[in-house]
Trainee: 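Structure incoming, see below.
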Amino acid sequence: FQEPGYPTTAWRTRYDQEVQRLVRLREVHASVFTGLWIPTGNLQPLGIHPTLGFQLGGKKNKLSYDLTVAFMFGASAEPYPAKRNRDADTTELTSHYFGVNGSIDFGWDLFSKKANEIQLKAGVGFDGFDAFDVEEGVKNMSGTISVLDLSAGVAYRRYLAKRGYLGLEVKYHHVNYSTSGIVDMNSAPITIRLIYGGLMNLRKSQGLGSLHYAYRR
């Protein structure tokens, strides 16, 4: 029934209807990723940082939705001026950097054929980093920055057996770190992420398996 040259019959129509019913079921999504956080403009002194993170969410029809958490680490490329806290009178040069990003992300399938999928991505959340490394128990001296993050980009997924996939995501992040009062930086970083994840709905996977249907739509 999956062959394009198969004649149109009542059995073929019934088969396609059952496949469509099953592929529209909601699935649970989980993934882990690694990648790069890449500065632009006056963020250049911070340098490129490796990223590790995870996603938890779901997918129904063409829409996906996830809670995304990412960590960026490593010293800055150059020393940069920052305040210990918003109320500090002066800035200090620092090379410390430890970043965190958390967001609610949405994806919409622009293209989906067999095992290949291209999504348009958008997200809203927070982005920030610590500008100083301080001793445990010392408060309000780490130069912690946390600002609004609006992101957009594209992602590609190649689905594997057992509902897993490999993905590549590129996103632009609109942030303004200068609103924190800690640093004077307002350019937009770019993230590139290599993702390994999976989608699971036992009823869906068993139903498609019984139909010997190997592709996503």
Side-chain angles (χ1 to χ4, degrees), residues 30-57 65-107 119 121-156 166-197:
S31 74
V32 293
F33 59 83
T34 184
L36 296 173
W37 183 92
I38 303 172
T40 64
N42 63 5
L43 298 182
Q44 294 286 354
L46 296 179
I48 296 174
H49 294 278
T51 301
L52 292 173
F54 65 89
Q55 293 179 310
L56 293 173
Y65 41 90
D66 293 288
L67 169 65
T68 303
V69 178
F71 301 94
M72 294 76 72
F73 47 90
S76 65
E78 304 172 18
Y80 61 96
K83 293 182 178 181
R84 289 276 181 174
N85 55 60
R86 180 184 284 271
D87 298 326
D89 295 328
T90 60
T91 62
E92 302 175 37
L93 285 178
T94 178
S95 295
H96 182 77
Y97 177 93
F98 178 76
V100 179
N101 179 278
S103 63
I104 301 297
D105 290 337
F106 299 92
Q119 290 186 323
K121 305 284 289 188
V124 58
F126 74 92
D127 187 274
F129 60 92
D130 284 348
F132 297 94
D133 187 15
V134 298
E135 297 179 4
E136 185 176 354
V138 179
K139 296 182 179 180
N140 301 322
M141 295 293 284
S142 60
T144 299
I145 296 161
S146 182
V147 298
L148 177 68
D149 173 28
L150 301 175
S151 61
V154 294
Y156 167 75
L166 286 175
L168 179 65
E169 177 189 272
V170 179
K171 292 181 75 177
Y172 167 93
H173 298 260
H174 177 71
V175 296
N176 186 350
Y177 295 137
S178 64
T179 60
S180 67
I182 304 296
V183 295
D184 186 17
M185 298 177 176
N186 56 15
S187 295
I190 295 170
T191 56
I192 300 175
R193 295 168 178 172
L194 180 63
I195 304 171
Y196 175 74

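These figures come from a predicted structure and were not determined experimentally.
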Trainee: Are E78 and L46 packed together at the side-chain level, in the sense that at least one heavy-atom pair is separated by less than 4.5 angstrom?
Mentor: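 Answer no - side chains too far apart.
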
Trainee: Quick check: closest heavy atoms across K83 and T91, and the distance to 0.1 Å?
Mentor: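 Distance-wise, the nearest heavy atoms are CG-CG2, 3.8 Å.
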
Trainee: Show every salt bridge (Lys or Arg N to Asp or Glu O under 4.0 Å) that has at least one partner inside residues 171-193, sequence neighbours left out.
Mentor: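 Residue pairs passing salt bridge (Lys or Arg N to Asp or Glu O under 4.0 Å), neighbours aside: D105-K171, E169-R193.
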
Trainee: For Q55 and L67, what are the C-alpha separation, side-chain angles and deciding distance, and is it a side-chain contact (heavy atoms from CB on, under 4.5 Å)?
Mentor: CA-CA 6 Å; Q55 293 179 310; L67 169 65; over 6 Å; no

Trainee: Might you point out which heavy atoms bring L56 and A30 nearest each other, and give the distance in Å?
Mentor: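 Smallest interatomic distance, heavy atoms only, reads CD2-CB, 3.9 Å.
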
Trainee: How far does CG of D149 sit from NE2 of H174, to the nearest 0.5 angstrom?
Mentor: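 It comes to 9.5 Å.
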
Trainee: Hey, what do you get for OG (S151) to CD1 (I104), rounding to the nearest 0.5 Å?
Mentor: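 Atom-to-atom, S151:OG and I104:CD1 are 11.0 Å apart.
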
Trainee: Give me the atom names and distance for the closest heavy-atom approach of A82 to A131.
Mentor: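 Taking A82 first and A131 second, the nearest heavy atoms are CB-CB, 3.8 Å.
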
Trainee: Taking the side chain as everything from C-beta on, heavy atoms only, tell me whether T34 gets closer than 4.5 Å to P50.
Mentor: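 T34 vs P50: side chains apart.
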
Trainee: According to side chain to side chain contact (heavy atoms under 4.5 Å, CB included), who are the partners of T179, at least two apart in sequence or on a separate chain?
Mentor: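 With sequence neighbours excluded, T179 shows a side chain to side chain contact (heavy atoms under 4.5 Å, CB included) to V147, N176, given in chain and number order.
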
Trainee: From L194 CG over to T51 OG1, what is the distance, rounded to the nearest 0.5 angstrom?
Mentor: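 One gets 12.0 Å once the value is rounded to the nearest 0.5 Å.
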
Trainee: Checking the side chain of T94 only, and the main-chain atoms of F132 only, is there a donor and an acceptor separated by less than 3.5 Å?
Mentor: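 Looks like no, no N/O pair under 3.5 Å.
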
Trainee: Is any side-chain heavy atom of F33 closer than 4.5 Å to a side-chain heavy atom of T68?
Mentor: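 Touching, per the 4.5 Å side-chain cut-off.
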
Trainee: Could you tell me whether the side chain of I145 reaches within less than 4.5 Å of the side chain of V183, counting heavy atoms only?
Mentor: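 They are in side-chain contact.
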
Trainee: Nearest heavy-atom pair of R84 and A88: which atoms, and what distance?
Mentor: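 Looking at all heavy atoms of both residues, the closest pair is N-CB, 4.2 Å.
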
Trainee: What's the shortest heavy-atom distance between L43 and S187, and which atoms?
Mentor: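 Minimum heavy-atom separation between L43 and S187: CD1-O, 3.2 Å.
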
Trainee: Rounded to the nearest 0.5 Å, how far does CG of L36 lie from CE of M72?
Mentor: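 One finds 11.5 Å between CE of M72 and CG of L36.
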
Trainee: Just do the side-chain contact (heavy atoms from CB on, under 4.5 Å) check on L168 and I195 with the steps written out, would you?
Mentor: CA-CA 6 Å; L168 179 65; I195 304 171; over 6 Å; no

Trainee: Taking T40 for its side chain and A188 for its backbone only, find out whether a donor-acceptor pair lies under 3.5 Å.
Mentor: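 Yes, because the side chain of T40 sits within donor-acceptor range (under 3.5 Å) of the backbone of A188.
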
Trainee: Is P39 close to P189 at the side-chain level, that is, under 4.5 Å between some pair of heavy atoms?
Mentor: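 Not touching, per the 4.5 Å side-chain cut-off.
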
Trainee: Check whether the side chains of D130 and T144 place a donor and an acceptor atom closer than 3.5 Å, and report yes or no.
Mentor: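 A donor-acceptor contact under 3.5 Å links the two side chains.
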
Trainee: Start with the C-alpha gap between H173 and T191, add the side-chain angles, then the distance that decides, and say whether side chain to side chain donor-acceptor pair (under 3.5 Å) holds.
Mentor: CA-CA 8 Å; H173 298 260; T191 56; 2.8 Å; yes

Trainee: Please report the interatomic distance CD1(I182) to OG(S142), rounded to the nearest 0.5 Å.
Mentor: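 That separation rounds to 8.0 Å.
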
Trainee: Heavy atoms only: give me the nearest S31-G197 pair and the separation to one decimal.
Mentor: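 Nearest pair, atom of S31 first, then G197: CB-CA, 3.6 Å.
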
Trainee: Show every ring-ring contact (aromatic ring centres under 6.0 Å, His included) that has at least one partner inside residues 79-105, sequence neighbours left out.
Mentor: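 Qualifying pairs: W37-Y97, H49-Y97, Y97-F129.
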
Trainee: What's the spacing between D127 CG and S103 OG if we round to 0.5 Å?
Mentor: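 Answer rounded to 0.5 Å: 9.0 Å.
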
